[in-house]
There are 2 protein chains.
Amino acid sequence: MPGPIQSLSRAAAIMRLLAGGERRLGLSEVATALDLAKGTAHGILRTLQQEGFVEQDPESGKYQLGAELLRLGQSYLDVHELRARALVWADDLARAAGETVYLGVLHQQGVLIVHHVFRPDDTRQVLEVGSMQPLHSTALGKVLVAYDPVARGELGDGPYESYTVRTLTEAVDVDAECALIRERGWADAVEETWDGVASIGALIQDRRRNPVGAVCISGPVERVCEDGFVKPSLVASVRSAARAISRDLGAGRF
Amino acid sequence: MPGPIQSLSRAAAIMRLLAGGERRLGLSEVATALDLAKGTAHGILRTLQQEGFVEQDPESGKYQLGAELLRLGQSYLDVHELRARALVWADDLARAAGETVYLGVLHQQGVLIVHHVFRPDDTRQVLEVGSMQPLHSTALGKVLVAYDPVARGELGDGPYESYTVRTLTEAVDVDAECALIRERGWADAVEETWDGVASIGALIQDRRRNPVGAVCISGPVERVCEDGFVKPSLVASVRSAARAISRDLGAGRF
DNA sequence: GCATGACGGTCGACATTGTCGAACGATGGC
DNA sequence: GCCATCGTTCGACAATGTCGACCGTCATGC
């Protein structure tokens with residue numbers, strides 16, 4: 001039976017739609033957005049609601065995502081082997097570098113953050129686990145594009161969205177940068193997504209040397225860079241953390 | 001068309017099954033566990049995989065939950081009105097009390113943690129957003145049971161699971177405690193779930209005075225209690241935070 | 001090394017099941 | 001007070017998902 005189950009694909013589309021829009025959506029909005037009959041959309045929504053994937057505001061009748069998704073998302077993290085192995089190394093890296101640490105994996109056309117260690121100083125910070133970052137303008141993303149053909153495929157041929165004046169928006173530029181990344185073994189992104197923010201990332205491999213994710217540190221340009229380049233000492237810290245995690249996953253010695 | 005969509009309910013059951021078991025599950029295991037034909041289970045799993053809700057380990061062929069669930073779970077938090085309003089108040093409460101703060105909502109037969117502020121001292125702590133706590137043995141849970149008939153219904157008639165010697169396992173005891181909670185307006189749980197841990201919780205209401213969640217502080221008995229009772233000053237802090245959040249939700253003055 | 005069993009995956013026939021579009025009652029805005 | 005729009009229900013139809021047998025592959029163990 002090759003071919004997806006129609007009702008399931010539609011349910012997934014509805015949930016993605018609800019995740020996208022900031023506010024709650026009404027039945028009719030959902031139905032027209034996905035070009036479904038109202039009755040059909042209602043049946044799917046009712047089932048999703050029953051299962052806890054969707055909730056309905058009792059007074060307005062509008063729908064939003066449900067709590068079960070949060071619970072299952074947490075379960076995903078619990079089973080995630082890469083994340084489990086990386087926890088302690090990410091902690092050490094954050095302490096050694098004095099900066100925020102992110103751990104990301106390829107998901108669709110972006111990098112999904114699966115772990116986030118706050119910068120050791122205790123300024124207010126928001127947990128970003130579960131959020132996505134672009135592939136073409138972040139250290140995490142470029143590492144994955146450089147080493148994972150699937151990620152390069154997802155990236156497409158551009159032009160890519162521009163976030164700052166330093167964002168690479170053309171495929172040729174990104175590919176050239178990726179060649180450099182492969183050559184030296186690490187990636188950086190200085191003010192390519194957010195002004196004032198620089199990051200340094202390196203690849204994580206599994207036991208068969210397949211790329212499975214990336215780790216990076218991220219912080220203000222003033223602290224991460226020196227004379228216009230990222231500090232070599234930070235690069236070394238990130239690379240050694242990436243190696244340690246890969247070794248933990250069984251990738252063997254380097 | 002009253003009646004859930006069969007394939008959707010089955011898909012939900014599969015995801016819950018995958019979330020429950022610690023390890024990855026094979027196709028046959030899934031099929032027999034849910035009493036489905038292998039072909040049917042495979043069709044559902046393939047669709048779920050295509051949508052990113054499930055991932056398959058390429059070498060073993062076994063299935064586990066997928067990254068899309070994490071992303072959607074995060075989106076759930078983003079839209080969550082209670083959580084959004086409570087963020088700043090929870091922060092203040094943690095600072096004022098010097099203890100960990102949890103924000104929870106009723107979900108199925110437990111309390112789902114939707115926000116978690118670390119204790120201000122910087123000992124290592126694990127984020128518990130997305131995890132569940134029992135209804136009958138935590139401050140959050142008992143608050144909800146006391147004020148929300150739905151929560152009381154989910155609790156059932158017991159006997160309930162016992163975690164420590166102080167856990168209330170009989171429905172009559174819990175109901176008596178809930179009457180007390182309603183009378184004085186707050187709940188506590190001293191070593192009822194974890195030895196050495198005490199917590200104090202209070203109700204959060206929406207604009208129509210419906211119970212929508214609860215907030216609590218949690219910490220070591222030695223700091224939270226005094227002479228065998230929870231410290232009145234902490235109770236006051238928790239209650240005023242709960243009132244502030246409720247007011248933010250439009251519940252009006254008290 | 002060969003037979004065996006269990007595994008994930010595929011196929012095609014069947015009828016169950018989800019889909020559609022119209023119709024209903026409730027709600028809110030002009 | 002009317003009209004438009006909302007979420008929801010209903011029944012008929014056939015498209016759709018389900019079932020059980022079958023295939024190739026891998027690991028196991030005589």
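Worth saying up front: this structure is predicted, and the values here are computed from it rather than measured. Letters A, B, ... mirror the listed sequences (proteins, then strands); counts begin at 1.
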Original post:
Excluding sequence neighbours, so at least two apart, what forms side-chain hydrogen bond (donor to acceptor under 3.5 Å, both in side chains) with A:Glu128?
Top reply: A:Tyr102
[X], nearest nucleotide to its side chain (from [options]):
X	options	result
B:Gln6	C:dC20, D:dT18, D:dC22	D:dT18
A:Ile5	C:dC20, C:dT10, D:dG17	D:dG17
B:Leu27	C:dG8, C:dC20, D:dT9	C:dG8
A:Lys38	D:dT8, C:dT10, C:dC20	D:dT8
B:Ser7	D:dC19, C:dG21, D:dG17	D:dG17
A:His42	D:dT8, C:dG9, D:dC19	D:dT8
B:Gln56	D:dT8, D:dT18, C:dG8	C:dG8
A:Ser28	D:dT18, D:dC6, C:dC20	D:dC6
A:Tyr63	C:dC20, D:dG20, D:dT8	D:dT8

Subject >> Side chains of B:Ser60 and B:Asp57, donor plus acceptor under 3.5 Å >> reply: yes
**OP:** Verify whether one side chain among A:Ser218 and A:Ser199 offers a donor that lies under 3.5 Å from an acceptor in the other.
**Re:** no
Nucleotide [N], atom [atom2] - distance to [atom1] of [X] in whole Å:
X	N	atom1	atom2	value
A:Ile44	D:dT8	CD1	P	14 Å
B:Asp57	C:dG8	CG	P	12 Å
B:Leu48	C:dG9	CG	P	13 Å
B:Leu45	C:dC7	CG	P	15 Å
A:Ile14	C:dG18	CD1	C1'	13 Å
B:Leu34	D:dG17	CG	P	19 Å
B:Lys62	D:dA27	NZ	P	13 Å

**OP:** Nearest-nucleotide wise, let me know which of B:Ser60 and B:Arg10 is further upstream toward the 5' end of DNA chain C.
**Re:** B:Ser60
Original post:
Side-chain N or O of B:Thr40 less than 4.0 angstrom from OP1 or OP2 on D:dG17?
Top reply: no
**OP:** Report the residue (A:Leu25 or B:Leu8) whose heavy-atom-nearest nucleotide on DNA chain D is the more 5′ of the two.
**Re:** A:Leu25
Could you pull out every donor-acceptor pair under 3.5 Å between side chains of residues 103-110 of chain A and any protein atom, sequence neighbours left out?
| from | atom 1 | to | atom 2 | distance (Å) |
| --- | --- | --- | --- | --- |
| A:His107 | NE2 | B:Glu68 | OE1 | 2.6 |
| A:Gln108 | NE2 | B:Glu68 | OE1 | 3.0 |
| A:Gln109 | NE2 | A:Glu154 | OE1 | 2.9 |

Original post:
Under a 4.0 Å N-O cut-off, is there an ion pair linking A:Glu51 with B:Arg10?
Top reply: no
Original post:
NA contact type, B:Glu29, heavy-atom cut-off 4.0 Å: base, sugar-phosphate, or nothing?
Top reply: nothing
